[in-house]
Amino acid sequence: KQEVTQIPAALSVPEGENLVLNCSFTDSAIYNLQWFRQDPGKGLTSLLLIQSSQREQTSGRLNASLDKSSGRSTLYIAASQPGDSATYLCAWVTDSWGKFQFGAGTQVVVTP
Amino acid sequence: GAVVSQHPSWVICKSGTSVKIECRSLDFQATTMFWYRQFPKQSLMLMATSNEGSKATYEQGVEKDKFLINHASLTLSTLTVTSAHPEDSSFYICSYYRGSEQYFGPGTRLTVT
C-alpha cells in the first residue's frame, strides 16, 4: 500500500520567511499529485496539481516540485504571510479513477 | 471552475439515529464520486468510491452496512450514517475527479451526542 509522509508535522515561522514543506511516498507509480490547503474546520482548497509527467508547477508565491525517482514532492511558499497559516496536505491519485491517498499534513503558523 | 456542494454543512444527532449527507456536483456529471472522513487533527481517509448506478466500493475497515452510499444520478451521491454513535462524529467530505484534478465539497461536520 502506498505510504505518504509529510515532514515536518508542524512549522512556525515569522512573516516573510520562505516555507518548505515535504511530502514523500513509497510507490512511484502515481498518476498525479495535488497540494491542498485546509483552514481549521473547513474543506480543502486546491493549490497546485502536478501531472506524473511533470516536474513542477508554479502559481504566484507557490511552487511545487515532483521527483518520482526519489519519491518526493516539495511545496515552496515564498515570502510567507500570516494568511498562509493553515494545514497543507499532499495527496496522490493512485488509480485511473481518481482515488486519492492523503498525507497527514503539515500545520503551518506564520507569525506577524 | 468545478463546484461541489454538500448538505448539510453541519448536523448534530442523537446516538442511534441515522443521518443522510448529500453531495452534489453542480457543473459536471460524475460517474464516480468519493467519500472521505477526517477525524480531529488527522488527515483525510478514503471511505468509499461511489459509482453511479452500481454498488459502492468500500475501503478496508469501513462498514458498508453502517455507511450506506447511494449514487442514484450523475450529479448526486448520498452517504447515510446508520445507527450513529459518538465515535462516528467526524468531518465527511465528498469529491469527484475530473480532468486529472480532484474537486472537493465543503464538508459536513457530524456530531453524535
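These figures come from a predicted structure and were not determined experimentally. All heavy atoms count here, side chains included; hydrogens, waters and symmetry mates do not. Here is how names work: the chains are called A, B, and so on, in the same order as the sequence lines, proteins then strands, and each is numbered from 1.
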Quick one: what part of B:Glu59 sits under 4.5 Å from any heavy atom of chain A, side chain, backbone, both or neither? side chain
Counting heavy-atom pairs under 4.5 Å with chain B, the top scorer among A:Gly105, A:Pro40, A:Ala91, A:Gly41 is A:Gly41
Does B:Ser73 offer a backbone N or O that forms a donor-acceptor pair with the side chain of B:His71 under 3.5 Å? yes
Mark yes or no for whether A:Thr106, through its side chain, and A:Pro8, through its backbone, hold a donor-acceptor pair below 3.5 Å. yes
So which part of A:Gln107 gets closer than 4.5 Å to some heavy atom of chain B, the side chain, the backbone, both or neither? neither
Reference residue B:Tyr103; test ring pair (Phe, Tyr, Trp, His ring centres under 6.0 Å); the match among B:Phe34, B:Phe28, B:Tyr96: B:Tyr96
Would you confirm whether the ring centroid of A:Phe100 sits within less than 6.0 angstrom of the ring centroid of B:Tyr36? no
Identify which part of B:Gln38 has an atom lying under 4.5 Å from any heavy atom of chain A, answering side chain, backbone, both or neither. side chain
Looking at A:Cys23 and A:Gln6, what are the two nearest heavy atoms and their distance? SG-CG, 4.1 Å
Largest heavy-atom contact set with chain B, pairs under 4.5 Å, which of A:Thr87, A:Thr45, A:Leu49: A:Leu49
Is A:Gln51 in contact with chain B via its backbone, its side chain, both, or neither, using a 4.5 Å heavy-atom distance? side chain
Scored by heavy-atom pairs under 4.5 Å with chain B, the best of A:Val93, A:Leu89, A:Leu44 is A:Leu44
Side-chain donor/acceptor of B:Thr82 to backbone N/O of B:Asp65, under 3.5 Å: yes
Would you give the length of the straight line joining atom NZ of A:Lys68 to atom CD1 of A:Ile50, rounded to the nearest 0.5 angstrom? 11.5 Å
Contact part of B:Leu44 toward chain A, heavy-atom cut-off under 4.5 Å: side chain, backbone, both or neither? both
Cut-off 4.5 Å, heavy atoms of chain B, and the answer for A:Lys99 is both
